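The analysis underlying the following values was restricted to heavy atoms, covering all of them including side chains, and did not include hydrogens, waters or symmetry mates. Since the structure is predicted, the reported quantities are computational estimates derived from the model, not experimental observations.
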Amino acid sequence: VLATLDFVVRDNLALQHLIGMTTLDFSVYNHSINVGIFGIGLAKEIIGSKSDYNLSEVVTGFFLHDIGKYRIPRDILYKRGPLSRAEWVCVQGHVDEGLKILDEHGLLLPETEIVVSQHHERHDGSGYPKNLKTKEIHVFARICSIADMFDGLTSYRPFRKEHSSFEALKIMKNEMFRHFDPVFFQTFVKMFGKN
């Protein structure tokens, strides 16, 4: 949050991008906030208070992981039917667009870059943009991936209804178990059990 505040204070166009996310669709903005909160919680459970990470940079990555969606055409981003191959490639481009936006504003810090660039990588290598797998994916990107998918499933999307937290965790466990670090996912489930 402090890094994002610094981002807005230092750069006049930063607020434009963040407001663009809220006007693009308030659910995208809410999604970013939720992923930040879930990511912080899971990071705390997994790494505790280790001081060898710059948590400010990591948290900035969690909150701004999808900022590149601001540059994806709305008709593609909110298409109700299946995406064509070209449209899917365009949507995947939000990762690179996010990195460009952060770089343009001096916020492409090492751990922020890792989270934004790897948050769609999957444990089994089926993700994008580099098809990384298991330990090739940074700890914080593995955390963001879980938080991102969970909030995506529990949020409204034009092409499907939102799921309850229980339903989302069940879908992630039964249908997407190969996508996530199994230890991290188990920790995420337990984190919800505490509340």
Using every non-hydrogen atom in the two residues, find where His123 and Pro182 come nearest and quote the distance to one decimal.
NE2-CD, 3.6 Å
Least distance between heavy atoms, Gln92 atom then Trp88 atom
NE2-NE1, 2.7 Å
Between the side chains of Lys170 and Glu167, is the shortest nitrogen-to-carboxylate-oxygen separation below 4.0 Å, so that they form an ion pair?
no
Decide whether Phe140 and Phe63 are clustered together by the hydrophobic rule: side chain heavy atoms of Ile, Leu, Val, Met, Phe, Trp, Tyr closer than 4.5 Å, transitively.
yes
Among Glu121, His119, Arg122, which residue meets the side chain to side chain donor-acceptor pair (under 3.5 Å) test with Ser145?
Arg122
How about Thr154 and Glu162: do any of their side-chain heavy atoms sit closer than 4.5 Å?
no
Find the distance between OG (Ser32) and CG (Asp148) and round it off to the nearest 0.5 Å.
9.0 Å
Does the side-chain contact (heavy atoms from CB on, under 4.5 Å) test come out yes or no for Leu109 and Asn54, once each step is laid out?
CA-CA 10 Å; Leu109 306 167; Asn54 185 329; over 6 Å; no
After noting the C-alpha distance and the side-chain angles of Ile143 and Val58, does the key distance pass the side-chain contact (heavy atoms from CB on, under 4.5 Å) rule?
CA-CA 10 Å; Ile143 289 170; Val58 173; over 6 Å; no
Which distance, rounded to the nearest 0.5 Å, do you find between the CG of Asp124 and the NE2 of His179?
5.0 Å
So, does Ser117 use its side chain to make a donor-acceptor pair with the main chain of Ile114 at under 3.5 Å?
yes
Separation between CD (Glu104) and NZ (Lys100), nearest 0.5 Å, reads 8.5 Å
Decide yes or no for Met172 and Val189: does some side-chain heavy atom of the first lie under 4.5 Å from some side-chain heavy atom of the second?
no
Heavy-atom distance under 4.5 Å between the side chains of Ile47 and Leu55, does that happen here?
yes
To the nearest 0.5 angstrom, please state how far the CD1 atom of Ile101 sits from the CG atom of Asp103.
11.0 Å
Quick one: pull up CG in Leu153 and CE in Met176 and give me the separation to the nearest 0.5 Å.
5.0 Å
Answer yes or no: is there a side-chain heavy-atom contact under 4.5 Å between Phe38 and Leu42?
no
Would you call the rings of Phe185 and Phe180 parallel, tilted or perpendicular if under 30° counts as parallel and over 60° as perpendicular?
parallel
Which atom of Gln118 lies closest to which atom of Ala141, heavy atoms considered
CB-CB, 3.3 Å
Below 4.5 Å, heavy atoms only, C-beta onward: do Ile40 and Val59 meet side chain to side chain?
yes
Can you check whether Thr60 reaches Leu107 side chain to side chain, under 4.5 Å on heavy atoms?
yes
Please determine whether residues Leu132 and Phe177 belong to a single hydrophobic cluster, defined as Ile, Leu, Val, Met, Phe, Trp and Tyr linked transitively by side-chain heavy-atom distances below 4.5 Å.
no
Kindly give the heavy-atom pair with the smallest separation between Gly98 and Ile67, and that separation in Å.
CA-CG2, 3.8 Å
Asp66 CG to His94 NE2 distance, which is reported to the nearest 0.5 Å
4.0 Å
Aromatic ring pairing Tyr128/His120, orientation class (parallel under 30°, perpendicular over 60°, tilted between):
parallel
Do the non-hydrogen side-chain atoms of Asn34 and Phe150 ever get within less than 4.5 Å of each other?
no
Using a 3.5 Å distance criterion without hydrogens, assess whether the side chain of Lys69 forms a donor-acceptor pair with backbone atoms of Ile72.
no
Does Phe62 belong to the same Ile/Leu/Val/Met/Phe/Trp/Tyr cluster as Ile137, with side-chain heavy atoms less than 4.5 Å apart forming each link?
no
Determine whether Val139 and Arg142 make a side-chain contact, defined as any pair of heavy atoms from C-beta on separated by less than 4.5 Å.
yes
Shortest non-hydrogen contact from Cys144 toward Val35
SG-CG1, 3.9 Å
Given 3.5 Å as the limit, does a donor-acceptor pair link the side chain of Glu136 with the main chain of Lys133, or not?
yes
Between Val89 and Tyr78, is there shared hydrophobic-cluster membership here, with clusters defined by ILVMFWY side-chain heavy atoms closer than 4.5 Å?
no
